2 protein chains.
Amino acid sequence: MARQELTERAPGSERIQRKRGKRVKEIVETAAELFGEHGYDAVSLDDVAERLDVTKGSLYYYFPSKEELATAAIETLGDEWTARLERLAEQHEGGHAGLLRTLLHEHITIAVRDYPAALRLFLFPRAWPTAQADRIKELRGRHDAVFRRVIEAGVGDGEFIVTRVDTTLQCMHAAMAQSPLWFARLRGKARGNAITELTETLMMLVGQLPRTG
Amino acid sequence: MARQELTERAPGSERIQRKRGKRVKEIVETAAELFGEHGYDAVSLDDVAERLDVTKGSLYYYFPSKEELATAAIETLGDEWTARLERLAEQHEGGHAGLLRTLLHEHITIAVRDYPAALRLFLFPRAWPTAQADRIKELRGRHDAVFRRVIEAGVGDGEFIVTRVDTTLQCMHAAMAQSPLWFARLRGKARGNAITELTETLMMLVGQLPRTG
DNA sequence: ACAAAATTTGACTCTGGAGTCAATAGATGA
DNA sequence: TCATCTATTGACTCCAGAGTCAAATTTTGT
């Protein structure tokens, strides 16, 4: 909570600005990896700095606090993630059930494979100072919307049954956020099966029973 | 990780032992309240001490470390919690669906009303040093078993449908662990409704669709 | 009433991690 | 080449919270 550099700055020159932007991007992406893998508390700025082969001081040249850096990291990570899901949603043809299944499967796969701790960062608003809290809330909203749209459409068409869309979404997200923990030890085919099973289980939350016979 | 007093001790006398036991119980219960409400990291030993009107040093007279105290607290809390659910399970008459619904409802109610942060302590094994990890794992197992029994029975009788019992349980627990966060701002009737809706939603995980018409 | 045992205190150390900053090194452009 | 802007360093402060311990206080048994 100190200097107000943030990411923007009085321009120095065209090239220099680009260079700076590139550096910021490197930092944010590295931070996203680390925070996404281990969580906020488990990652120190020294960790981030070391991964980048610089010292902590440098990070403070670009970001005023750990929380700003973390927020930026989460935003980057969340944007990319959401974009992937949105792309899937656009491409998809067929019933709502198929799309929802695809989304769930992909979401769990990303979580388990790439960012085991990331969803927890969204899930509980660990008292982010209000500024960041809003940014994260908005991000969460966009992310949520991808799923919400399918479910509402499915409910509208009578394909899905739910008690309440919000509750259904919360349950899905809660389960998916935990999944990296459950599947951490599984590899290859076993992991793939587990992901599929979880997907099928979550489909039941919209009234889609798994094939019985 | 120091002195090995733990809770036991070379006996001083009958009465003194009882007194000590009583004190330990007070401490553990207070700790359970605090850890259960705010979580492990958010509670310092000074907090616990203050609530008891003593100083931190006293706590170390009874427990060798924060983790030991926390583990004891979680065990107490979990034992009581599990006992309540087991009692419900015994009393219950009627179909599996009714029992499961009752268990879920009660579980969520306890979580939301009494120990908003407690389930998280179980849910991720925040790298407890192996000794404690085992105790917690066992506790979790007993807790889990209450639900597992009903679900397996229900599946056996063809009343429930699941993809895999473990997965179903994990989803339920994940959702219930988050529920205190979702319902934190609700009071009275609104909270009651939310809990019921969540219960109904989770019942769908065993193939029990909510009344539609 | 008194010594021994049990308990409690409070001031202490130690550590990890956030955040600061003057000094230095490197890049840029005239 | 030199002055200036940009980036980086590393040694620093600060703080919260775990854990320690000798000394003081309280309880107990005789």
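Reminder, nothing fancy here: chain letters follow the sequence lines and each chain counts from 1. It should be emphasised that the depicted structure is a prediction, and the values quoted were computed from it without experimental measurement.
Per the geometry, NZ belonging to K66(A) stands 17 Å off C1' belonging to dT20(C), to the nearest Å. As a whole-Å value, the separation of L52(A) CG from dA7(D) P is 15 Å. Residue K22(B) contributes atom NZ, which lies 13 Å from atom P of dT7(C) at whole-angstrom precision. Spacing between atom CD of Q17(A) and atom P of dC5(D) amounts to 15 Å, rounded to whole angstrom units. Protein atom CG of L34(A) is 13 Å distant from nucleotide atom P of dG17(C), rounded to whole Å. Distance D41(B) CG to dG16(C) P: 16 Å, rounded to the nearest Å. We find that OH of Y61(B) is positioned 4 Å from P of dT7(C), with the value rounded to whole Å. Counting to the nearest Å, the P atom of dT8(C) and the CZ atom of F63(B) are 12 Å from each other.
For the residue pair P180(B) and A177(B), the shortest heavy atom distance occurs at CD-O, 3.3 Å.
OP1 or OP2 of dT6(D) has not a single side-chain nitrogen or oxygen of R20(A) nearer than 4.0 Å. Dashed line: the shortest gap from a side-chain N or O of Y60(B) to OP1 or OP2 of dT20(D) is not under 4.0 Å.
The CG atom of L99(B) sits 9.0 Å away from the CG atom of L104(B) when rounded to the nearest 0.5 Å.
The side-chain tip of K66(A) points at the ring of Y40(A) from less than 6.0 angstrom away and within 45° of straight on. With Y61(B) as the aromatic partner, R20(B) meets the cation-pi criteria of under 6.0 angstrom to the ring centre and within 45 degrees of the ring axis.
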The contact string for nucleotides 24-30 of chain C, one letter per nucleotide 5' to 3', using protein heavy atoms under 4.0 Å with B, S and - for base, sugar-phosphate only and none, comes out as ---SSS-
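In the model, D47(B) has a side-chain atom that pairs as donor or acceptor with a side-chain atom of S44(B) under 3.5 Å.
Aromatic ring orientation, H173(B) versus H143(B): tilted (interplanar angle from 30° to 60°).
In terms of position along DNA chain C, the nucleotide closest to L59(B) lies nearer the 5' end than the nucleotide closest to the other residue of the pair L59(B) and S58(A).
Heavy atoms of S44(A) sit under 4.0 angstrom from primed sugar atoms or phosphate atoms, though from no base atom.
In terms of polar N and O atoms assigned as donor or acceptor, the side chain of K56(A) never comes within less than 3.5 Å of the base of dG17(C) in a complementary pairing.
At distances below 3.5 Å, not a single donor-acceptor pair connects side-chain atoms of R185(B) with backbone N or O atoms of W182(B).
Of all nucleotides listed (dG19(D), dT8(C), dT9(D)), dT8(C) comes nearest to the side chain of R23(B).
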